[in-house]
Amino acid sequence: MKMENKSDIIEQQREKLLNLKNNNVNLFPNDFKVSHTVKDIKDAIKNSPDTVKEDGPSFVVAGRIMAINMFGKAAFIRFKDRSGQLQAYVRKDKIGDDAYGFFKQLDIGDFAGLSGTMFKTRTGEWTLLVYKLTLLCKSIRPLPEKFHGLKDPEKRYRQRYLDLLMNPDARDIFVKRSRIIQAIRAFFLERDFLEVETPIMQPIPGGAEAKPFVTHHNALDMDLFLRIAPELYLKRLVIGGFERVFEINRSFRNEGISTQHNPEFTMLEFYQSYSDYNDLMDLTEEIFRHVAKEVAGSTSITYQGHTIEIGKKWQRMKLLSALEEFGGIDPDILNDKEGLIEFAASKGHKITKTWRIGKVITKLFDLLVEPELIQPTFITGYPVEVSPLARRNDTDFTITDRFELFIAGREIANGFSELNDPDDQRNRFLQQVEDRKAGDDEAHFMDKEYIKALEYGMPPTAGEGIGIDRLVMLFTDSASIREVILFPHMKPSGNN
RNA sequence: GGGCCGUUAGCUCAAUUAGGCAGAGCACCUGACUCUUAAUCAGUAGGUUGAAGGUUCGAUUCCCUCACGGCCCA
């Protein structure tokens, strides 16, 4: 039995590599220095007259060979660096017989260092006329086909490096992702927020209703949880006097995988003292408009066929009103749990009977209303039962000063005026503990240390979390979260 | 978790109707070519058809199980 199923093409490449090595060619040198990127060169010659010829300024550039058009004693090659792609012209009479013989042994996929001058071909394309060529790294495996690229989604995710190399659209998504995060960071720094890092491994997972991943600390012999949210730590920082903090955080939820969910995901969470949830709704609109302007160049964006208007004032609507308007629920049954469960059943949805009414209402909202909210919409007035960390409304004690933001039928953000009454917080945790006992494994744990911190006093504060992956999906018109995460979670392929 | 679809050469895809020698383009290899850009021309080579089992004289094709992936639903 063979150790590895080598295809001939790899054998051939290895043989070539060995030949070069036997001729004392350094296959993996590390001393080549470049003077320009492809983009630098293009910028430098942009305004040059067409007379730039062999006696023009010379450039030293490096990149991966993406295509070779061989003409016997001359060849055009296309090569690519981080800034772009450029054509080069290699002529036997320019680089010499030996060097040309060496050049002919190179392959698509190899890295080369090129020195030369710029000229225009007959078709008007700026091209590097090479007078010196250096091998910088030999490749063994062939790149995917140059025209169709790499299409198989499984291979694109498992071998993202090939996807990035072959599919400019994929590359653009991740460049845009980086710019979006950059724009968000600049937005908060500009407003006097402090960027912080809080624990990813937590002894008590808190800040969201979700199942955590468990890990184990050997030396302490204790279980730890990967955070489902950074919330309770960020609020400790507010208590400590950092009145404005934010963390662009990776969080983890031990739940299903779908086009909307990856087990690890990126969230922006921020807290602003002496503000309430209304202030944060205003701020959220500002953030989105800032990002839209920075990365999309327009406040009107297209997502999966919908035109989303970021620029117009966003609608704000109470949860119960939304249920009436979009869910077609008779207002008379809105505080009748049995009626609601019956209504859900009539629509073909099963609701767990042990849930308290607040959870039933929000579940109905998820099923009936959420998909309808295409334009940016804030929903407010969430029940206390499903908002254990949010401040109670001053006039209606059954709801909280909380909102969620929906765009394109998906939850994008969740924010509220923070609960800073330690006794109320303790009671909320106790109720959560009851829910957990009743079988709700997403309910909060009691966190006595957090209560203790609140007892020292937390200034009136509002906080919010925004799903960055979903936000990037929106701005890159991506249907699946896997298109915006460089290495999405995959089961092992079994080919190892 | 359920439903539907997919997995064939390094890559992109045929062939499955009704079971009958597994095909093409690009890439690779050989040869020709000093302005091509999906270069062109000629030739060669490349396959345990995702894995295991079953039916059959014969399976990429039909049946069963499994793995991985995509879309939809929960």
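In what follows, chains carry the letters A, B, and so on, assigned in the order in which the sequence lines appear, proteins first and then strands, with residues in each chain numbered from 1. As the structure is a computational prediction, the values presented were derived from the model and not from experiment.
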**Q** Consider the side chain of A/Tyr89, meaning its heavy atoms from C-beta on, and name the nucleotide among B/G70, B/U37, B/C35 that approaches it most closely.
**A** B/C35

**Q** Give the table of side-chain donor-acceptor pairs shorter than 3.5 Å for residues 73-80 of chain A, with sequence neighbours excluded, one pair per line with atom names and distance.
**A**
from: A/Lys80; atom 1: NZ; to: A/Leu165; atom 2: O; distance (Å): 2.5

**Q** Does A/Arg156 place a side-chain N or O at less than 4.0 Å from the phosphate oxygens OP1/OP2 of B/G70?
**A** no

**Q** Checking A/Asn262 now: which residues fulfil side chain to side chain donor-acceptor pair (under 3.5 Å) with it, not counting sequence neighbours?
**A** none

**Q** Would you mind classifying the nucleic acid contact of A/Gln13 as base, sugar-phosphate or nothing, using non-hydrogen atoms under 4.0 angstrom?
**A** nothing

**Q** Checking A/Glu325 now: which residues fulfil side chain to side chain donor-acceptor pair (under 3.5 Å) with it, not counting sequence neighbours?
**A** none

**Q** If you assign A/Lys16 and A/Asp152 each to the RNA chain B nucleotide with the nearest heavy atom, which residue ends up on the more 5' nucleotide?
**A** A/Asp152

**Q** Per the salt bridge (charged side-chain N to carboxylate O under 4.0 Å, His left out) rule, what does the pair list look like for residues 479-488 of chain A, sequence neighbours excluded?
**A** A/Arg156-A/Glu483

**Q** In which stems does RNA chain B show up, taking only runs of three or more Watson-Crick or G-U wobble pairs whose two distances fall under 3.5 Å?
**A** B:1-7 with B:67-73, B:10-13 with B:23-26, B:29-32 with B:40-43

**Q** So which of residues 70-79 of chain A are in contact with RNA chain B, with a heavy-atom cut-off of under 4.0 Å?
**A** A/Met70, A/Phe71, A/Gly72, A/Lys73, A/Ala74, A/Phe76, A/Arg78

**Q** Using the C1' atom as the point on both nucleotides, what is the distance between B/G58 and B/G70, in whole Å?
**A** 34 Å

**Q** Once salt bridge (charged side-chain N to carboxylate O under 4.0 Å, His left out) is applied, what residue pairs with a partner in residues 99-113 of chain A remain, sequence neighbours excluded?
**A** A/Lys16-A/Asp107, A/Asp107-A/Lys138, A/Asp110-A/Lys138

**Q** Just grab all the salt bridge (charged side-chain N to carboxylate O under 4.0 Å, His left out) pairs involving residues 33-42 of chain A, residues at least two apart or on different chains.
**A** A/Lys39-A/Asp43

**Q** Between B/C71, B/U12, B/C68, which nucleotide gets closest to the side-chain atoms of A/Ser480?
**A** B/C71

**Q** Quick one: which residue pairs count as a salt bridge (charged side-chain N to carboxylate O under 4.0 Å, His left out) with a foot in residues 164-180 of chain A, not counting sequence neighbours?
**A** A/Arg177-A/Asp469

**Q** For the CG atom on A/Asn30, are there more than 12 heavy atoms of other groups (residues, nucleotides or ligands in this structure) within a distance under 6.0 Å?
**A** no

